[in-house]
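See structure below.
Computed from a predicted structure; not experimentally measured.
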Amino acid sequence: MNEELDSQLSAMFDDELAPAECELLARRLSRDEQLKARWGRYAVIGAAIRSERGVLDAALAGRVSAVILAEPALAAAQGARRAPARWWQPLAGAAVAVGVAVGSVLWLRAQAPFTAAPPSAHLTATVSVPAAAVLSAAAAGAADSYVVPRAPAVRAMVPSTELANYVVAHSVFSSPVGRRNLLSAFMASESGTAAEEPPVEPEGNVR
Amino acid sequence: MSASERFIALTLAWTVAGAALAGEASPERTPVGETSPESTPAQKTSLDQAPAHKTSLESAPAQKTSPESAPAQWLERMNRALTTRNYDGTFSHWHGGQVEMLRIIHRVQDGTVSERLASLDGSGREFIRAGPSLTCYLPDKRTVLVEQRPPQESLVGFPAVNDQTASFYDIREVTHTRLNRRSTHVITVSPKDEYRYGYRLWIDDSTAMPLKTQLCDRRGHVIEQIVFASLTLPAHIPDSAFKPDVSTAGFQWLRNESGPPAPAAATLAWNAMRLPPGFRMAARSAQTLPGSADPVDHLVFTDGLASVSVFVEAQRREQADQPAVPESAAVGSSSAFSTVIDGHKITAVGEVPPDTVRFIASQLKAEEPAAVSSRRR
């Protein structure tokens, strides 16, 4: 392996490689059997060395996500990884990176107690949502800058089996696309683990 | 970062990058309509027992479409394709920085819908629909949920895009482009307020199947994405394709033993005092959910695209003494909210923003049936 490639790999995992180069490097890794085998062996050695360590580095998780999200519209993930590390990020990163077996992610995001309020002004007065801006951005293929909302405290609102009941019952009445999204998210999620984490103090509204 | 850590990280990145590339269906790797020879290991499961007579999109019978079709018509065609066609596809699901591969198999045969959705590399969960029977395998909970629905719902195409939909969404075709070697119409569905989400859909020109779907917030930012890595439209899909991979030995089976839902006939009639603009109640029934003997009122509200279910159940005695703390949850980009009103637990679930389920659930109020019927007269 030449020095330049080695340097790129180091930079990639030090969060110093440009996203475009990350993607190119990932593609090369996915195609180069020799390289793949070599790093596979290294992984076994590395895994043995660091077997005591339970979670992945948060920045790595974010960088891996950046590689995945070659789609410009999804470049937002980079914003997420630059955000201060939160309790779920290392776990989520690990889950993504490994392909994934276990982890957290029913995404049971429980919020702070909420005062049930009637439709507030900020909700009812927003009919002038910038739909035109949305469309123009889509048409122009402009990169989005979505920032993952702050993670509120996590606590199981309802037992996950009960939530599963609700999701399944509701899916019958969803639009075809909505149902696929809902059920896919539910199939992809891994219940329980997230809710079992120690509660985190609420950071504010999800929005 | 130490050298050993880099080695691990690199290998993980390679693993994910390979899956991601397949998930993004880069043309040189996984063209839609073909089965990738470089399937990720996760895809090499018994799910990959290819159905006989596999037909690629290229040879699939085209629906009657025309370039001049209105964007809303494309949505209708897409809904029709998703609900009436046979298809077998592998897709990547992205949300919150995580990607997971799933497989969906859908068949309509003799008027009966069969569907199987399986996580290929994550929880191992599977959802199987066989006509009126919905079965959810949750290996992580060692539980299987079985719910029976009325047969008439087996072909439900609900909700429907109509004129009212246009009042709350801006539906446009923004471009006509190629995706994975396929000609697609890119349709945007932009919400006009923040009570609902929007979509960007890459709809296949000849089959009307959505090859790529992005769920967007009100600012147009992508919050969830589905991209098919492979998709075929087989003329025939064998029954064996709908058998779960999950071994259920020792699993707990939860069923709604009392049969299909009946019309709501509770002592209290629940209704929403106010609803977000455009939402209306579209269905209500009384049912029992798997694993519960208590009846639950199920109310459905929709604006034509998005829908919200509200479940109302009497609080159990042991819960009655606990403080009523409203709480929120999310499944992907879908939202759930639970609160307690008049001794009943109210839970709203829907593919809408958190504020919408919160608003609808909080507006529920119980009325005596007599009062409701007199008001309707």
*For residues A/Ala185 and B/Glu224, report the shortest heavy-atom separation together with the two atoms involved.*
CB-OE2, 3.9 Å

*Examine whether an atom of B/Val296 lies under 4.5 Å from a heavy atom of chain A, and if so say whether it belongs to the side chain, the backbone or both; otherwise answer neither.*
neither

*asked:* What's the separation between atom CD in B/Glu351 and atom CZ in A/Arg179, rounded to the nearest 0.5 Å?
replied: 10.0 Å

*Report yes or no: do A/Arg180 and B/Thr213 form a side-chain donor-acceptor pair below 3.5 Å?*
yes

_Atom of A/Ala169, atom of B/Gln287 and distance for their closest heavy-atom approach_ = CB-NE2, 4.3 Å

_Can you see whether A/Ser184 engages B/His93 through a side-chain donor-acceptor pair at a distance of less than 3.5 angstrom?_
no

_I need the B/Ser335 OG to A/Leu182 CG distance, nearest 0.5 Å._
10.0 Å

*asked:* Restricting to non-hydrogen atoms, name the atom on A/Ser174 and the atom on B/Ser307 that form the minimum distance, rounded to 0.1 Å.
replied: CA-OG, 3.5 Å

*Using non-hydrogen atoms and a 4.5 Å limit, figure out which bit of B/Tyr199 sits close to chain A: side chain, backbone, both or neither.*
side chain

*Which pair of non-hydrogen atoms, one from B/Leu134 and one from A/Val168, has the smallest distance, and what is that distance?*
CD1-CG1, 3.7 Å

*How long is the gap from CG on A/Leu183 to CZ on B/Arg129, to the nearest 0.5 Å?*
9.5 Å

_Atom group of B/Gln252 that falls short of 4.5 Å from chain A, counting heavy atoms_ = neither

*Using non-hydrogen atoms only, which part of B/Leu117 is less than 4.5 Å away from chain A: side chain, backbone, both, or neither?*
both

*Locate the shortest heavy-atom distance separating B/Glu147 from A/Asn165; write the atom from each residue and the value.*
OE1-O, 4.2 Å

*asked:* So for B/Leu254, is it side chain, backbone, both, or neither that comes closer than 4.5 Å to the heavy atoms of chain A?
replied: side chain

_Closest non-hydrogen atom pair between A/Met187 and B/Leu102, with its separation_ = CB-CD2, 3.5 Å

_Nearest 0.5 angstrom please: B/Leu138 CG to A/Phe186 CZ, how far?_
5.0 Å

*Check each atom of B/Phe127 against the heavy atoms of chain A and say whether the ones under 4.5 Å are side chain, backbone, both or neither.*
both

*Distance (rounded to the nearest 0.5 Å) between A/Asn181 CG and B/Gln214 CD*: 11.0 Å

